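Note sheet for the following structure.
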Amino acid sequence: MLVALVGCGGAGSNSPVTSAPSRTEPEPVRPSAPWFAGPFADEDGYSLWLRYPKVADPALLAEYQAALRSLVVGQGSPTLALAAEELERGLGGLLGAAPARKAALQEQGNIVLGTAASLPPGAVPAQKLAALGDEGFLLQATLIEGKPAIVIAGQREVGVLYGVFALLRHLQTFRPLAQLSLESRPRIQRRILNHWDNLDRTVERGYAGRSLWEWEALPSSVSSRYRDYARANASIGINGAVLTTVNASAQVLTPEYLARVRAIAAELRPYGMTTYLTARFSAPIELGGLASADPTLPEVQAWWQRKIDEIYTLIPDFGGFVVKANSEGQPGPQDYQRSHADGANMLAQALAPHGGIVMWRAFVYSSESPVDRIRQAYDEFQPLDGKFRENVMVQVKNGPLDFQPREPFSPLLGAMPRTPIALELQLTKEYLGQDTHLAYLGPLFQEVLHADTMVAGTGSTVAKVIDGSLQGHRLTAIAGVANVGTDRNWTGSHFNQANWYVFGRMAWEPELGAQQIAEEWVRATFSNDPSLVAPATGMMMASREALVSYMTPLGLAHQMATGHHYGPGPWVNDLPRPEWNPAYYHRANAAGIGFDRTATGSNAVAQYAPAVGNLFASRDTIPDEYLLFFHHVGWTERMRSGKTLWEELAARYSSGVEQARALHTTWQTLRGLLDEQRFEEIAAFLKLQVDEARWWRDASLGYFGSVSGLPLPPELEPPAHPLSFYQKLGCPADPTRPRCPEIYTP
Ligand code: GCW
């Protein structure tokens, strides 16, 4: 069980806790030919993983060219047309020439695309197609009318589109075509990006430029970037977008804005994407002129019903709302002494006739409450299990605190068996180095999805809670707080693209391993050159653990300085709300450090299933990774390693810096294996990461050393500056492009 709780240091363990519906893909071919050694044309990252450079290995190229010569595609909707175009674009690049469109099968080299309505008769048995569900696809090397063909089929056209991207991925990662046989369908129904975009085009916790949505130009002018965005999402199976931030403005619900939303929805739709919005609970007051937004008042209900009907006349396939209510100052039903269920159900009732849903967030905590902040969401929501309408989901962040580099899974996951739960992950890395630091989130997501909640015995993984299989829900969803913006490379840094990518891939198939996805992304984004693939994948896989070590090792959390959540601030203890202070979380004093959440403390451990709670509660069984999250430990107590806690802490911080240095030096060995532009941009960020890792380590150890009164073990590097230097630093000046020039080395 230990293994299930902590993802083996991110080593990409792909433990088969549930049976995956997809067949595994064959291994990539190890190319024999010498590698094309540049110079590569510079790239700016706009193409993401959808680069289609010509296949470098001659034997493989010949195999692909022979098998993929002509394209047979029937009539369909714009989605089928897009699927065919994407295939032509991809093959045009990868094979040097797009397949010729043909009306009938050729003797050799056919690709056949379609659904039952558009495939040649007998291409795929009807039963097989039906088994693919709404979005699944099949890739099959077969004979049709005795002629060899690669079939890309779905029950619906969006499945065909996903199948096209899967075939292109197959080729991009140099896998053989012979005996190709792959069936795949998503385990989770709604795979959604949550944008935290404001209508003024600033992005809350956004580090990649401005919001993609050009509200001022819409609806008359529609940016071509919306399609590129939708296409990228479709390529990894993301099928929804919430366009606006959870700290919502009611303005998006005005007719002027809804016309603009409609224009965006029209761009996303052909790519299989559903549009959602956030709803501000007080909108009936702000827009409707009502005196109250009390969900039990008929006039409030009627206002929402009219508004929702209006939305559906404009956007018939509108997905529904995400709502942040009574959280961090947002209005909500508790303003009227009503419960979260009353609020959610009122909206859900109005959405139900249209097939819409409510994703009601459980991220609530109150500064007035003396209760441990991490307990509050569970205390508030768990008793409401069974009280929500059937088109309500409760959306829960992966951890009980707030998107930390590492925290245990939220105890709400699994604890509301009668309520469908949507898992909320954060791609934008608010607490993980934001735009600059390389921190590949695959291992973090895997750790959460594979964590065993034990709510219904061993094997009750978070993945099974979310895919509905454990507790019998058909409504299933996973949300990722988006990391994209107007930056040319979309995500502020090249490596941050991988976090968008891995979210989509794991949302489709939670059992896919972080390592496998990292490798796939590296091959598509940089190159299949073996001398690049292994080191770059290794860097990604090591990166998150490195960051945990230099920022918040051994279960520490929320040590980031005020507001920007970027640099270290463990000494901060003077903010008006207690839970805004890092000191609230580390509780360091002369005796020790850590938050006692056992029965002698806040007893948050009791919110977990007993097997998990007991494991966390005992010093003998708790994994080191979560130690200080649940225990206050004496500075000189012995750890499993034999070191004292203080020595262990110092060693972990220091190893984080070492690992950051290793990321930088490994990258230097890859010069010449990709284009200069991306190489240099990445190298520059890795250099900042080394300096900032050092900043984190020196500032944190400086502070904790001042509290413990213990000296740094002599074998460790002395800090670059005294504690007072770090305490006085005013950086970053710009929270959307956080930098700290004062600590950078030349
Ligand atoms: O992570 C915190 C962020 C807030 C955010 C909030 C939330 C959108 O610091 O910026 O607000 O969580 O998830 O609601």
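Each ligand, and each atom within it, is numbered from 1 in the order the structure gives. Just so we're clear, the structure is a prediction, and the values are computed from it rather than from any experiment. Worth knowing before you read on, the calculation uses all heavy atoms, side chains too, and leaves out hydrogens, waters and symmetry mates.
Within the 4.0 Å heavy-atom criterion, the part of Glu430 lying near ligand 1 is the side chain and not the backbone. Residue contacts with ligand 1 for Asn247 involve side-chain atoms from C-beta outward but no N, CA, C or O (heavy atoms, distance under 4.0 Å).
Between Tyr550 and Tyr653, the distance from one ring center to the other does not fall under 6.0 angstrom. If you look at Phe495 and Trp521, their ring centroids are closer than 6.0 Å.
Close contacts of ligand 1 with Lys324, meaning ligand atoms under 4.0 Å from a residue heavy atom, involve 6 (C), 7 (C), 8 (C), 11 (O), 14 (O). Interface of Arg205 with ligand 1, defined as ligand atoms under 4.0 Å from a residue heavy atom, comprises 3 (C), 4 (C), 9 (O), 10 (O). Under a 4.0 Å criterion applied to the non-hydrogen atoms of Trp196, ligand 1 contributes the atoms 5 (C), 7 (C), 8 (C), 13 (O). Near Glu204, meaning under 4.0 Å from any of its heavy atoms, are these atoms of ligand 1: 4 (C), 5 (C), 8 (C), 10 (O), 11 (O).
For the pair Asp402 and ligand 1, the shortest N or O to N or O distance falls below 3.5 Å.
Using a 4.0 Å cut-off between charged nitrogen and carboxylate oxygen, Lys324 and Glu328 count as a salt-bridge pair.
Among Phe363, Phe403, Tyr431, the residue whose heavy atom lies closest to atom 7 (C) of ligand 1 is Phe363.
Side-chain atoms of Thr491 and Asn496 include no donor-acceptor pair closer than 3.5 Å.
With Glu407 contributing its side chain and Gln404 its backbone, the two residues share a donor-acceptor pair below 3.5 Å.
The single protein non-hydrogen atom nearest to atom 12 (O) of ligand 1 is Lys397 NZ, 3.1 Å, given as residue, atom name and distance. Shortest contact from atom 6 (C) of ligand 1 to any protein heavy atom: Glu328 OE1, 3.3 Å.
No side-chain heavy atom of Pro400 sits under 4.5 Å from any side-chain heavy atom of Tyr365.
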